[in-house]
Number of protein chains: 2
Amino acid sequence: MLSNASKYAIRAVLFLAENSSSKNKFGSKQISAALDVPQHFIAKILQKLVKSGIISSGKGPGGGFYTTPENLKKNVLDILKVIEKGDIFDECFLGLPVCGDENPCPVHDIVSKFKDALLVKFGNQDIKSFSDEVKREGTLITLKNVL
Amino acid sequence: MLSNASKYAIRAVLFLAENSSSKNKFGSKQISAALDVPQHFIAKILQKLVKSGIISSGKGPGGGFYTTPENLKKNVLDILKVIEKGDIFDECFLGLPVCGDENPCPVHDIVSKFKDALLVKFGNQDIKSFSDEVKREGTLITLKNVL
DNA sequence: AAAATAAAAGACAAATTAGTCTTTTATTAC
DNA sequence: GTAATAAAAGACTAATTTGTCTTTTATTTT
Ligand code: SF4
Ligand code: SF4
């Protein structure tokens with residue numbers, strides 16, 4: 001459903017939302033190590049996110065990627081819009097050319113409920129709120145220190 | 001989530017379950033036309049399904065692919081086992097190395113509910129029952145004659 | 001037996017996704 | 001100003017998925 005690029009992007013943004021600030025930046029190397037994802041791959045993804053205003057960056061010594069309060073007003077769907085080509089919520093689970101309540105496929109009920117729930121989760125709260133929720137509930141964006 | 005190969009496979013098996021019999025076989029060309037999928041691609045998929053006993057086939061004039069009552073005792077998960085490499089239900093939606101109730105990711109609740117529902121739909125009834133349900137409920141495996 | 005038909009098998013080609021590596025540019029520290 | 005640092009940019013490679021094409025084999029019809 002999600003490409004690796006999108007998965008890495010979401011986790012990286014959540015990582016920065018929880019840990020970074022304009023005074024505390026993280027290089028692509030640190031992020032790569034923290035999330036256990038390929039460094040140069042995540043670097044390119046982070047650059048796209050900077051361009052679209054979802055995160056911020058600074059060059060040179062002490063530089064790196066970070067999030068501002070302004071950045072944190074974006075939501076997860078904004079991330080997907082930047083990374084993913086089409087709209088993943090438009091694709092038919094069984095490969096029919098269009099997807100909707102008219103002309104439902106045999107798994108329509110199950111899939112559309114899932115899509116709706118995800119859409120709420122990803123679209124109805126900003127990154128700040130999502131990140132707070134992750135912290136509060138103790139869900140994980142890396143298993144680096146767990147496994 | 002599912003590869004094109006799996007999507008085509010599921011739809012092709014449901015098509016044969018509803019329309020075929022040992023007396024009424026369908027060539028890869030007919031199936032390709034009915035479902036609007038690439039002929040030679042679906043042909044190779046169908047061959048795998050024959051090999052694993054999910055459908056049957058006959059060569060020569062009047063030959064083609066079809067399902068027997070024995071074939072129809074398989075379920076959709078059996079199809080996925082043949083076509084898909086790993087277990088799609090084991091992958092983490094956000095790309096964590098393992099997936100489970102311990103160490104949940106931020107979308108665990110939503111995703112695991114979806115996976116459970118799919119697992120029931122795909123695993124707890126055979127193709128015969130699934131196909132009957134599709135016919136009864138009028139859900140679609142092609143939009144060829146609809147759009 | 002010969003011709004026609006259709007699956008089986010497998011070699012290829014194209015497209016997408018994933019990942020790596022190098023060069024350039026901007027910033028900071030000295 | 002020079003050196004060090006780290007993002008930005010982009011070329012490049014590898015892997016996977018998707019799709020096509022050709023040849024072979026089995027079956028049926030005449
Ligand atoms: S499950 Fe329903 S919503 Fe999803 S692709 Fe099929 S028809 Fe569309
Ligand atoms: S959502 Fe839960 S079950 Fe799904 S991958 Fe994440 S941790 Fe695993």
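Here is how names work: the chains are called A, B, and so on, in the same order as the sequence lines, proteins then strands, and each is numbered from 1. Please read these numbers as outputs of a predicted model, since none were measured by experiment.
- Of the listed nucleotides (D/dT20, D/dA8, D/dT18), D/dT18 has the atom at the smallest distance from the side chain of B/Ala5.
- Under the rule for a ring pair (Phe, Tyr, Trp, His ring centres under 6.0 Å), A/Phe65 has no partner lying at least two apart in sequence or in another chain.
- A donor-acceptor pair under 3.5 Å is absent between the side-chain atoms of A/Ser131 and the main chain of A/Ile127, judged by distance alone.
- For the pair A/Pro106 and B/Leu140, the tightest heavy-atom approach, listed with the atom from each and the gap, is CD-O, 3.2 Å.
- Rounded to a whole Å, the CZ atom of A/Phe41 is 9 Å from the P atom of C/dT20.
- A residue-by-residue look at A/His40 and A/Asn4 shows that A/Asn4 has its nearest nucleotide of DNA chain C further toward the 5' end.
- As rounded to whole Å, 14 Å separates atom C1' of C/dA8 from atom CG of B/Leu49.
- The environment of NZ in B/Lys113 is sparse: at most 12 heavy-atom neighbours from other residues, nucleotides or ligands sit within 6.0 Å.
- At a cut-off of 3.5 angstrom, the base of C/dA8 holds at least one donor-acceptor pair with the side chain of B/Gln47.
- At least one side-chain nitrogen or oxygen of B/Lys85 sits closer than 4.0 Å to the OP1 or OP2 atom of D/dT17.
- Atom C1' of nucleotide C/dA6 and atom NZ of B/Lys59 are separated by 9 Å, given to the nearest angstrom.
- If you measure from atom CD1 of B/Ile45 to atom P of D/dT20, you get 11 Å, rounded to the nearest angstrom.
- The nearest whole Å value for the distance from the CD atom in A/Gln39 to the P atom in C/dT22 is 13 Å.
- Residue A/Ser3 places its side chain closer to C/dA18 than to any other of C/dA7, C/dA18, C/dT20.
- Ring pair B/Phe15/B/Phe26 is perpendicular by interplanar angle, where above 60° counts as perpendicular and below 30° as parallel.
- Whole-Å rounding puts the B/Met1 CE to D/dT17 P distance at 15 Å.
- Ring geometry, A/Phe93 versus B/Phe114: the interplanar angle exceeds 60°, so the pair is classed perpendicular (tilted spans 30 to 60°).
- Of the residues in residues 19-28 of chain B, B/Phe26, B/Gly27, B/Ser28 come within less than 4.0 Å of DNA chain C through at least one heavy atom, sorted by number.
- Separating the CD1 atom of B/Ile42 from the P atom of D/dT18 is a distance of 12 Å, rounded to the nearest angstrom.
- Taking 4.0 angstrom as the limit, B/Ser57 places a side-chain polar atom (N or O) nearer than this to OP1 or OP2 of C/dA8.
- At a threshold of 4.0 angstrom between heavy atoms, the contacts of A/Lys51 are confined to the sugar-phosphate backbone, with no base atom among them.
- When each of B/Lys29 and A/Gly60 is assigned the nucleotide of DNA chain C bearing its nearest heavy atom, the one mapping closer to the 5' terminus is B/Lys29.
- Within the structure, every side-chain polar atom (N or O) of B/Tyr8 is placed at least 4.0 Å from both OP1 and OP2 of D/dT18.
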**OP:** Just do the side chain to side chain contact (heavy atoms under 4.5 Å, CB included) check on B/Leu80 and B/Leu2 with the steps written out, would you?
**Re:** CA-CA 9 Å; B/Leu80 296 182; B/Leu2 295 184; 4.0 Å; yes

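- The CD atom of A/Glu84 sits 8 Å away from the P atom of C/dA18 (whole-angstrom rounding).
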